[in-house]
Amino acid sequence: MAEIDNISIDQDEKLPRNFIQQQIVDDLAEGKNGGRVHTRFPPEPNGYLHIGHAKSICLNFGTAKKFGGLTNLRFDDTNPTKEDTEYVDSIMEDVRWLGFDWDDRLFYASDYFDKLYEFAVTLIKEGKAYVDFQPQETISEQKGVPTRPGTDSPYRTTSPEENLELFAKMKSGFFNEGDCVLRAKIDMSSPNMHMRDPLMYRILKQPHHRTDDKWCIYPMYDYAHGQCDYWEGITHSICTLEFEVHRPLYDWFVDQLRDSDYRPRQIEFSRLNISYTVMSKRRLLQLVKENYVKGWDDPRMPTICGLRRRGYTPESMRAFSDMVGITKVDGVTDVAVLEYCIREDLNKRAQRVMGVLDPIKVIVTNYPEGQVEEIDAVNNPEDESMGKRKVPFSRELYIEQEDFMENPTNKFYRLSPGREVRLRYSYFIKCTDVVKNEQGKIVELHCTYDPETKGGNSPDGRKVKATLHWVAVAQAVKAEVRLYDRLFTDPDPAGHKDKDLLEFLNPDSLKVLTECYVEPFVKSAKPLSNFQFERLGYFNIDPDSTPDQMVFNRTVSLKDGYKK
RNA sequence: UGACCCGUGGUGUAAUUGGCAACACGUCUGGUUUUGGUCCAGAAGAGUUCAAGUUCGAGCCUUGACGGGUCAACCA
């Protein structure tokens, strides 16, 4: 583990400084916050984390580490109507899986409910907050529109003494949901809508997943976040671009609270978008709820649990996060970059194995019936230390239907009648007969092998143009293989104002093959193990897999240089 | 018609702070190869949204346009 950390630090050193790191360098140079760097990852536990969160996790933990600082995990659980411990657990699992550790610094916004209440009381006493009994629509109307100033609430002039009493009644449950709210008294004519007397508390008579029914008033995000940062000693509060206009409010609350030079600073960066998928919790939830996918961990989902099930490694996701960079530019990253990252990682590490997805039987007519040879095969040509294994070879084999063409085109140089190819690690074979059924469909190929070519080379220096993967029929493990394609047919499915993203759902995003054959070696592997099926791609064992019925996911295909 | 933010090859980022626009992905050649993978060598592709200004010199500073985004939830 230590070794992996060192490697990632070394790589990090080579990366150019992003604008956030630059700002931290500047802050440090100015001697801010006693030279401390402390970040936090603050998800709301109302859904599963996706790869955009992974970028934020890498950014927050990575940035702090780079400057010798710390990172907290904090659940932003100020809305009991949406949150649940199910999400808390999955989020912790995902952060750990990505390779990050918050040590003992696990916090919840709900940890601060008492302090937030006390602070609200202070603001009321200072005449900076008031209880407003107007209906929601009226408050909204009074806020006006961005181009026109708002108007004051009639409750804005209530005395602090009376507000104190009213707020206490709010807390005690005297009022019903919607009767009133607590608002900060700031500036109803501010060009920034968030400064027009924002709501601090609303009444929600709902149990909270941690505080149960202790509270019936809950703080709003804007009222809670900066204060939580402050109390935790956060120095750099990194969030996404949509919070940019919240920053003056963030600063306003913190300024009311702080009593020293220390102040947390909000910095915004652009959220991650990846082509051919969507990245908002709302839309992902819709895909799950309406059964367009099989769950949050469906391997087609851009969720961390989905990508994990698909066969993505933490290393590949961290590499991806580094590669896309941090800016304030709103763009769409090509999914090919993600695919590059997992291929690069798995190329170095994945156990090679042979598997036939779309089989056609080959009879090696001059090979003795009943004979089985154990052929030596290299486990990973990129890593000699991974050693070798034995693969059974016999008279009846499966090869890929795609690897045979009765009337080959110019560029096709695999098996065809009369042509000789190599079976990987074993022998040269030559196709002598094509056996068809009554409908004219090819059902079997008859080949001869050259015993002199054992291991895959001919003593006479004869060359072949292709090497095929294969599996011996008798020893083959029959398996199900799930092939995934992009979820949407449009590079930016959520980017069309006039069209619903469901119009772009890819009907072929999942293809299940049930008649696949894999060499027996895979039987010994654990769930989620990554393999390369030679010439095809990277595959892993799905959690649905059982010893009797193995199930593989295709993580990603190999790059294919073959052009028809 | 307000405030704030953002515009650099197809895509994502860089440009040591004002000095020959670089890297990665992708694409295309060629070589090696017992994976049409990997690896190696190479190529094409932007003159930095536009315009003016400051300057010996601007992707970077200034001003103004244009284009895109965010903000008017008792969500975060």
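Here is how names work: the chains are called A, B, and so on, in the same order as the sequence lines, proteins then strands, and each is numbered from 1. Remember, it's a predicted structure, so these values are computed and weren't measured experimentally.
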Student: Side chain of Lys559(A) only, heavy atoms from C-beta on: which candidate in A76(B), C74(B), G37(B) is closest?
Tutor: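 For Lys559(A), the side-chain atoms sit closest to G37(B).
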
Student: Measure up the Tyr223(A) and Tyr201(A) rings against each other and bin them: parallel (under 30°), tilted (30 to 60°), perpendicular (over 60°).
Tutor: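 Tilted, since the angle between the ring planes falls between 30° and 60°.
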
Student: Please give me the minimum heavy-atom distance between Cys516(A) and Leu357(A), naming the atom from each residue.
Tutor: SG-O, 3.5 Å

Student: Look at Tyr340(A) and C25(B) and indicate whether a side-chain polar atom (N or O) is within less than 4.0 Å of OP1 or OP2.
Tutor: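 Yes, such a contact exists.
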
Student: State which of G10(B), A76(B), G69(B) makes the closest approach to the side chain of Asn79(A).
Tutor: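 Per side-chain heavy atoms of Asn79(A), the pick is A76(B).
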
Student: Does CG belonging to Asn410(A) count more than 12 external heavy atoms closer than 6.0 Å?
Tutor: no

Student: Using a 4.0 Å heavy-atom cut-off across all strands, classify Glu402(A) as base, sugar-phosphate, or nothing.
Tutor: nothing

Student: For G37(B), does the base pair up with any side-chain atom of Glu382(A) as donor and acceptor (N or O, under 3.5 Å, distance only)?
Tutor: yes

Student: Glycosidic conformation of G47(B), syn or anti, with 90° from 0 as the boundary?
Tutor: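 G47(B): syn glycosidic orientation.
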
Student: What contact category does Ile139(A) fall into here, base, sugar-phosphate, or nothing, at under 4.0 angstrom with non-hydrogen atoms?
Tutor: nothing

Student: Assess, by modelled atom type and distance only, whether the side chains of Asn46(A) and Glu83(A) contain a donor and an acceptor separated by less than 3.5 Å.
Tutor: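 Short answer, no.
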
Student: Is the base of U35(B) touched by the side chain of Arg352(A) through a donor-acceptor pair closer than 3.5 angstrom?
Tutor: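 By the distance-only test, yes, there is a pair.
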
Student: Just to be sure I understand the rule, does Lys411(A) reach a base, reach only the sugar-phosphate, or reach nothing, if contact means heavy atoms closer than 4.0 Å?
Tutor: base

Student: Output the single nucleotide from C71(B), C5(B), A76(B) whose closest atom is nearest the side chain of Glu244(A).
Tutor: C5(B)

Student: Assess whether one donor atom and one acceptor atom, taken from the side chain of His246(A) and the base of A76(B), lie less than 3.5 Å apart.
Tutor: yes

Student: For the pair made of CE in Met200(A) and P in C74(B), what is the distance, rounded to whole Å?
Tutor: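 Spelled out: CE on Met200(A) to P on C74(B) is 15 Å.
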
Student: May I ask you to decide whether Lys82(A) forms a salt bridge with Glu44(A), counting only side-chain N to carboxylate O separations under 4.0 Å?
Tutor: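 Not counted as a salt bridge, because no side-chain N and carboxylate O are separated by less than 4.0 Å.
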
Student: Give me the distance, rounded to whole Å, that separates U32(B) from G42(B) when you measure between the C1' atoms they each carry.
Tutor: 15 Å

Student: Roughly how many Å apart are A52(B) and G45(B), using the C1' atom of each and rounding to a whole number?
Tutor: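 Those two atoms are separated by 30 Å.
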
Student: In terms of side-chain heavy atoms of Lys497(A), which of A3(B), A72(B), G69(B) is nearest?
Tutor: G69(B)

Student: Scan Tyr413(A) against the nucleic acid and name what it touches under 4.0 Å (heavy atoms): base, sugar-phosphate only, or nothing.
Tutor: base

Student: Classify the nucleic acid contact of Gly331(A) as base, sugar-phosphate or nothing, counting any heavy atom under 4.0 Å across all strands shown.
Tutor: sugar-phosphate

Student: With a 3.5 Å cut-off and heavy atoms only, can you find an N or O donor on one side and an acceptor on the other between the side chain of Arg414(A) and the base of G36(B)?
Tutor: yes

Student: Check the surroundings of atom NZ in Lys499(A): do more than 12 heavy atoms from other residues, nucleotides or ligands lie under 6.0 Å from it?
Tutor: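 No, not enclosed.
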
Student: Side chain of Arg424(A): nearest nucleotide among A76(B), A3(B), U35(B)?
Tutor: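 Side chain of Arg424(A) sits closest to U35(B).
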
Student: Pairs counted only when both distances fall under 3.5 Å, Watson-Crick or G-U: show me the 5' to 3' dot-bracket for RNA chain B, [ ] for pseudoknotted crossings and | for other-strand partners.
Tutor: .((((((..((((.....[..)))).(((((.......))))).....(((((..]....))))))))))).....

Student: Any side-chain N or O of Arg196(A) less than 4.0 Å from the OP1 or OP2 oxygen of C71(B)?
Tutor: no

Student: For Lys82(A) and C75(B), give me the distance from atom NZ to atom P, rounded to whole Å.
Tutor: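 Rounded to the whole Å, the gap is 7 Å.
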
Student: Return the nearest nucleotide to the side chain of Asp560(A); candidates are G36(B), C75(B), G37(B).
Tutor: G36(B)

Student: Given G69(B), A72(B), U35(B), which nucleotide is nearest the side-chain atoms of Leu558(A)?
Tutor: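 Out of G69(B), A72(B), U35(B), the nucleotide with an atom closest to Leu558(A)'s side chain is U35(B).
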
Student: Students often get this wrong, so: under 4.0 angstrom with heavy atoms, is Thr78(A) touching a base, only sugar-phosphate, or nothing?
Tutor: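 Sugar-phosphate contact only - Thr78(A) comes under 4.0 Å of backbone atoms but never of a base.
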
Student: Whether Arg210(A) engages the ring of Tyr108(A) as a cation-pi pair (distance to the six-membered ring centre under 6.0 angstrom, angle to the ring normal within 45°) should be assessed.
Tutor: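 Pair Arg210(A)/Tyr108(A) counts as cation-pi.
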
Student: Have a look at Val332(A) and say if it touches a base, only the backbone sugar-phosphate, or nothing, with a 4.0 Å heavy-atom cut-off.
Tutor: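 If one applies the 4.0 Å heavy-atom cut-off, Val332(A) turns out to touch the sugar-phosphate alone, with no base involved.
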
Student: Between G36(B) and Arg535(A), is there an OP1 or OP2 to side-chain N/O distance shorter than 4.0 Å?
Tutor: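 Result: yes.
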
Student: Is it the case that atom CZ in Phe174(A) sees more than 12 heavy atoms from other parts of the structure closer than 6.0 Å?
Tutor: no

Student: Between U35(B), G26(B), U70(B), spot the one nearest the side chain of Ala336(A), thanks.
Tutor: G26(B)

Student: Ignoring the backbone of Val329(A), work out which of U1(B), U11(B), G7(B) is nearest its side chain.
Tutor: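 From the listed options, G7(B) comes nearest.
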
Student: Can you check the distance between C4(B) and A22(B), where both ends of the measurement are the P atom (answer in whole Å)?
Tutor: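 Straight-line distance between the two P atoms is 35 Å.
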
Student: Taking CD in Glu384(A) as the centre, count heavy atoms belonging to other residues, nucleotides or ligands within less than 6.0 Å. Is the count above 12?
Tutor: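 No - once you tally the heavy atoms of other residues, nucleotides and ligands closer than 6.0 Å, there are 12 at most.
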
Student: Take atom CD1 of Ile267(A) and atom P of C6(B), then tell me their distance rounded to the nearest Å.
Tutor: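 In whole Å, C6(B) P and Ile267(A) CD1 are 13 Å from each other.
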
Student: Pick base, sugar-phosphate or nothing for Phe243(A), based on heavy-atom distances below 4.0 Å to the nucleic acid.
Tutor: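 If one applies the 4.0 Å heavy-atom cut-off, Phe243(A) turns out to touch a base.
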
Student: Could you work out the separation of A46(B) and A24(B) based on their C1' atoms and round it to a whole Å?
Tutor: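 The answer is 16 Å between these two C1' atoms.
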
Student: Could you tell me how far apart Lys465(A) (NZ) and U32(B) (P) are, to the nearest whole angstrom?
Tutor: 13 Å

Student: Within 45° of the ring axis of Tyr155(A) and under 6.0 Å from its six-membered ring centre, is that where the NZ or CZ of Arg183(A) lies?
Tutor: no

Student: With a 4.0 Å cut-off on heavy atoms, is Asn457(A) in touch with a base, just the backbone sugar-phosphate, or nothing at all?
Tutor: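 The answer is base, as Asn457(A) lies within the cut-off (heavy atoms under 4.0 Å) of a base atom.
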
Student: If the cut-off is 4.0 Å, is Arg271(A) near the phosphate of A76(B), judged by side-chain N/O to OP1 or OP2?
Tutor: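 Answer is no, no contact under 4.0 Å.
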
Student: At 4.0 Å (heavy atoms only), tell me whether Val324(A) reaches a base, stays on the sugar-phosphate, or touches nothing.
Tutor: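 Sugar-phosphate: the residue Val324(A), judged by heavy atoms under 4.0 Å, touches backbone atoms but no base.
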
Student: Starting from P on A24(B), measure out to CE on Met323(A) and report it in whole angstrom.
Tutor: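 Taking atom P of A24(B) as the reference, CE of Met323(A) is at 10 Å.
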
Student: When you compare the side chains of Arg40(A) and His225(A), does any donor N or O come within less than 3.5 Å of an acceptor on the partner?
Tutor: yes

Student: Scan Glu177(A) against the nucleic acid and name what it touches under 4.0 Å (heavy atoms): base, sugar-phosphate only, or nothing.
Tutor: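 Nothing, no nucleic acid heavy atom in range.
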
Student: By the 4.0 Å heavy-atom rule, please label Phe19(A) as base, sugar-phosphate, or nothing.
Tutor: nothing

Student: Between Gly456(A) and Thr327(A), which is nearer to the 5' end of RNA chain B once each is assigned its nearest nucleotide?
Tutor: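 In this pair, the answer is Thr327(A).
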
Student: Round to the nearest Å and state the distance from His469(A) atom NE2 to G37(B) atom P.
Tutor: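 Rounded to whole Å, this separation is 15 Å.
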
Student: Using a heavy-atom cut-off of 4.0 Å across all strands, would you classify Pro381(A) as base, sugar-phosphate, or nothing?
Tutor: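 Contact class for Pro381(A): base.
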
Student: Nearest whole Å is fine: how far is C75(B) C1' from Arg283(A) CZ?
Tutor: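 Taking CZ of Arg283(A) and C1' of C75(B), I get 16 Å after rounding.
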
Student: Expressed as a whole number of angstroms, how long is the span from Asn46(A):CG to C75(B):P?
Tutor: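 Spelled out: CG on Asn46(A) to P on C75(B) is 13 Å.
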
Student: Can you tell me which nucleotide in C75(B), U11(B), A72(B) comes closest to the side chain of Glu44(A)?
Tutor: C75(B)

Student: Parallel under 30°, tilted from 30 to 60°, perpendicular over 60°: which one fits the rings of Tyr221(A) and Phe243(A)?
Tutor: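 The arrangement is tilted - the two ring planes meet at 30° to 60°.
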
Student: What does Gln22(A) touch in the nucleic acid at a heavy-atom separation under 4.0 angstrom: a base, only the sugar-phosphate, or nothing?
Tutor: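 Base contact - Gln22(A) has a heavy atom under 4.0 Å of at least one base atom.
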
Student: Map Leu536(A) and Ser270(A) onto RNA chain B by nearest heavy atom, then report which one ends up closer to the 5' terminus.
Tutor: Ser270(A)

Student: Does U17(B) fall in syn (glycosidic angle within 90° of 0) or anti?
Tutor: syn

